[in-house]
Structure formats: C-alpha cells, structure tokens
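Below is one structure; the comments refer to it alone.
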Protein chains: 2
Amino acid sequence: MLKTFDDLNKSSCSDCVDMSCAVSLLNKAQYNLLSDNSLESEIKKGEIIIRSDSLISNIVYLKTGFVKEFVIGQDKEMRIIQILKNHSYLGLHSLFGDKINHYSYAALEDLKVCYIDINIFKQLIKSNGSFAYQILKDIGKENIYNYYRFIANSKNNIDGRFANILLYLSERIYENTKFNLQLSRQELADLIGISRESTTRIITKFKKDGIINVTRNSMELIKLDLLQKISKNG
Amino acid sequence: MLKTFDDLNKSSCSDCVDMSCAVSLLNKAQYNLLSDNSLESEIKKGEIIIRSDSLISNIVYLKTGFVKEFVIGQDKEMRIIQILKNHSYLGLHSLFGDKINHYSYAALEDLKVCYIDINIFKQLIKSNGSFAYQILKDIGKENIYNYYRFIANSKNNIDGRFANILLYLSERIYENTKFNLQLSRQELADLIGISRESTTRIITKFKKDGIINVTRNSMELIKLDLLQKISKNG
DNA sequence: CTCAAAATGTGATCTGTGTCACATTTATTA
DNA sequence: TAATAAATGTGACACAGATCACATTTTGAG
C-alpha cells in the first residue's frame, strides 16, 4: 500500500492508536524525535521480519498481528522461543546484550509494524527514565513467562508440555479460551520441543477426552482445570 | 561479624571496591541515596538469600561469591536456572515483572552482599537513564546466555547438555578452563534437567576420554574443541 | 477442475535415558 | 576414632517418545 507524501507527513507517534505503554510516557520533543526516526510498514504472512545473526539496526514495534520468534538449530530443526502479539517490540532480547540479533522473527499473519532506529531507541531510554522503566517492565513480564515455560518443559512429559503451551497461548497470547490457531502442528511441536507425530497423537487424545475442541485452524480449551492438572503432573 | 558504629557510618557506595557498572554511573546525590538505603551483610554457605513466592522488598547485590538461582517443582525436584557470580543483582528477574520473587537464591559459598531497597532502586532507574540503560544491558546479557542454554537443552541428548553446561560454567561463570566445582553431581544434573546417575556416567565417560579432568570439587576442561562439538551435535 | 505438493494422521519399531537397587566412598557428628 | 549420614558410582531393566514408513487429507497453482 503506497502512501502519499501527505500521509507520510501526517503520521505522528503521538496519535498512534497502537501506541505502546512506554511511548505514551514520552514528552513532546521525544514524540517528534521518534516520529522522525521511525517508519511504518506492512508485512505479509510468512515473511521474515528480522533474521538471526544480522546486525541490529532497528527495533521493530508490532502494531497488529502475531509473530513467531525462533532459531534454526544445526540439525536444521526450528525451535520456536515464543509467540509475540500486537504492541510488542521485536528484537529487544538481543538489543541490550549484543550487537547482533540472536533470533529470527516471522509473520504468522499480515502485520502492521514500525521500524525504529536503535540509536533513537537507546537515546529515549537514556533520556527518559520512565520510558526505560516501562521497557524494563515489558522485558521482565515476558521473561517471567518464558522462563516459566522453559522450566516447566525441562521436567515434564509431552502431555504436560502440550497442556502447558495451550494454557500459555490461551492466557498470555490470545487472551481467550477459543482462538484462531495460526500455528501448524509442526510449529506447535517446535514450540515445546517434541515431534510432530507426538503432537498429533496428543491432540487426538485430548479431543477424545473432551479436553479441547480443535479443527485445523481453531482451538478451544474446554476442561481448563484438567489442562492445569496435566500441565503440572504430566 | 559485628560492625562498630563507626564502620556503619563510614560505608559509602561511592568507594565500594565491588561497585557495579550501573552504580558507577550515579551522581553524588544518588550515591548518597543508595548508601543511606542499602545494607551490607555476610551470608554463610548454604543459606537461602531470597525465597521464591516471597514479596519483593529488596534487591540483593552480590559483592563476592557464587549463588544458585532455583525453583522447587511440585515433584519436589530442584530446577537450577542459573549460577550467579560476584557483581550481579539477585532478584532482578522478578522485580520488573511482578511483586513476588519467582525464584529462590542460595549461597554456594560464603558471600558478601548488599540489600538495596526496591523503591530506591526503582527511583534510581527512573531518575538516571544511564543507570537504567546499564541495568538493561546486564539483564540482556544474562538472558541471551540463559535462553541459549534453554534452547540448546531442549533438543540435545544428555552428553550434549552436559558439554554445554561445562562450557557455560567455564566461559560465563568461572572465566577459566579450570575451576573449583561448588556444585554437587546432583546440582549439575538439576542445572540441565537430567538424572544424577546420568551425570555420573557422563563424567566417567568424559574423564576416560581425556575430555575433562575432575575430582570431587575441581573441574578442568581439557579438550575444548571436542566439548564444543559434543555440545552441538550431541 | 485437476494434479502435485504440503500438511496431517497412524501404526510398528527402536533407543536413550530415567528409575530402581545396591555398593562404595566421603563428610559429619558424637 | 568410631559410627552414621550423605554423596557418589554402577549395573539391570523398563518405557516414553523419537523415528520410520506410509495412508489420507488439505492446500495451492495453473
């Protein structure tokens, strides 16, 4: 979708409907700085947004849509680290610890994003403590969930892991017990480190037991209490 | 070790030999604020420093010594998340994402620590962008290493995991190919989510193959290239 | 609409690693 | 220094889940 010169001029971060919590804490000058140094863009389903091992030049703010964060192992297998939803920053994980992106990001559906120059982003953090604090909060929340999942996965049978990821998707990502499943069976498997075949078998079993209701691209959690129990005791 | 009144008065963060990078970015007033609201203390080997599920009231700065960060699962088994060395902050993981500590911290040897009131800590972040930026950098670095380990663990046989943790301890924690092993075999197992018996077997095998040199409480990595290879290809 | 390619489902094996059971060594306490 | 507890080593065995092989369904291109 091409923009007219007028459109480009008009766009300002200060009246963005998808503004992040952190950005809402900026002052007028900082809004302008951000507006002048960020670029809105649209990305089609399946496209790679950031490639791992690339130099970090931009932070990508996800205005709308879902994204998977992943790495490809030396065995060529994909490990999905997490799913990111609207109003998240992509690339934050690597920004403060390194000069290189450690993960790749791919669009699970059509997206609206904003590219933000990293130097501007860093400058905002250094010049606005509240902005920095909000970013720290975002990162902290994300990490708590991710660490929890990693820990849960490490000592859990595959049923427990799968129950766990269903609850994660429902509570944290889609915020509903029923959601459109933008992930293939393979991707669900990659999210918890099990095989595709096992994923199929678990889904069949859970469906038979009335725990979930699935079609190819929709998922509904029925017996939440049972899922909780399975996610804990395997 | 009791302190005299004079000792207490004298202690100032501005001339602490174990000062963190972040604190070195504070101005005079901020130094004083920190000095007035932090408390130096010593902790004996084995003691719990922070208990998970407790309310966050202090951040603990680790001046000297090694600490394990862990949780106890519902199966009563310990999952060690990471080892922390001197000049690290304990509790940062939970501080920005929640009001409750998500992990426990225990001393692997006698420690020197400083308790810092969280409100002061947050105030410093909001009032000093460079301080905030440095904390973000610390958290970022730590996360990169931890995520990498979690990902590596999820699709790797136990030999690969063990090679991986040896390299992690050597490079990241002890910064030497030879180090005092303050962790028991059980704790090494808990760090990578395998059984104690498997740990024993791997150590025996690696020793026989001349890859490492171990005694009960010392570890030396001999064939680093082979360890790298095992950590990648299992 | 047709046909090829991709995704998914399902049964039959095979294997890595946990578990159990016990021996041995090291640490701790009296 | 003996006695007890804790940590570690080691073999035998079981089984969860990966892998393989193939059937079936869905998707997408022309």
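Chain letters run A, B, ... following the sequence lines, proteins first, then strands; residues in each count from 1. This one's a predicted model, so the numbers in the text were calculated from it and none came from an experiment.
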If I compare all heavy atoms of [X] with all of [Y], which pair ends up nearest, and what's the gap?
| X | Y | result |
| --- | --- | --- |
| Ser104(B) | Ser52(B) | OG-N, 2.9 Å |
| Ile212(B) | Ile203(B) | CD1-O, 4.2 Å |
| Ile81(B) | Phe150(B) | CG2-CZ, 4.1 Å |

Go through the side-chain N and O atoms of [X] and [Y] and say whether any donor and acceptor fall under 3.5 Å apart.
| X | Y | value |
| --- | --- | --- |
| Ser218(A) | Asn180(A) | no |
| His93(A) | Asn143(B) | no |
| Asn146(A) | Arg149(A) | yes |
| Glu69(B) | Tyr103(B) | no |

Tyr89(B)/Phe121(B) aromatic ring centres below 6.0 Å: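 Yes, close enough.
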Aromatic ring centroids of Tyr174(B) and Phe66(B) under 6.0 Å?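 Ring centroids of Tyr174(B) and Phe66(B) are less than 6.0 Å from each other.
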Quickly work out the [X] [atom1] to [N] [atom2] distance and round it to whole Å.
| X | N | atom1 | atom2 | answer |
| --- | --- | --- | --- | --- |
| Ile202(B) | dG9(D) | CD1 | P | 12 Å |
| Asp190(A) | dA18(D) | CG | C1' | 14 Å |
| Phe162(A) | dG17(D) | CZ | P | 14 Å |
| Arg185(B) | dT24(C) | CZ | P | 19 Å |
| Leu188(B) | dT8(D) | CG | P | 9 Å |
| Arg196(B) | dA21(C) | CZ | C1' | 11 Å |
| Lys45(B) | dT28(C) | NZ | C1' | 13 Å |

Rounding to 10°, can you tell me the angle the first-five-pair axis of the helix from dC1(C)-dG30(D) to dA30(C)-dT1(D) makes with its last-five-pair axis?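 Computed angle between terminal axes is 60°.
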So, is the end of the Arg79(A) side chain (NZ or CZ) under 6.0 Å from the ring centre of Phe70(A) and within 45° of the ring's axis?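 Arg79(A) over Phe70(A) ring: no.
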Distances under 3.5 Å only, N/O to N/O: pair up the protein atoms with those of nucleotides 14-19 of chain C.
{"from": "dT17(C)", "atom 1": "OP1", "to": "Ile158(B)", "atom 2": "N", "distance (Å)": "3.1"}
{"from": "dG18(C)", "atom 1": "OP2", "to": "Ser195(B)", "atom 2": "OG", "distance (Å)": "3.0"}
{"from": "dG18(C)", "atom 1": "OP2", "to": "Ser198(B)", "atom 2": "OG", "distance (Å)": "2.5"}
{"from": "dT19(C)", "atom 1": "O4", "to": "Arg201(B)", "atom 2": "NH2", "distance (Å)": "3.0"}

Sole residue of Glu187(B), Glu109(B), Glu47(B) in salt bridge (charged side-chain N to carboxylate O under 4.0 Å, His left out) with Lys68(B):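 Of Glu187(B), Glu109(B), Glu47(B), salt bridge (charged side-chain N to carboxylate O under 4.0 Å, His left out) with Lys68(B) is met by Glu187(B) alone.
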Stretch residues 203-220 of chain B: residues that reach within less than 4.0 Å of DNA chain C through a heavy atom: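 Correct list: Arg216(B).
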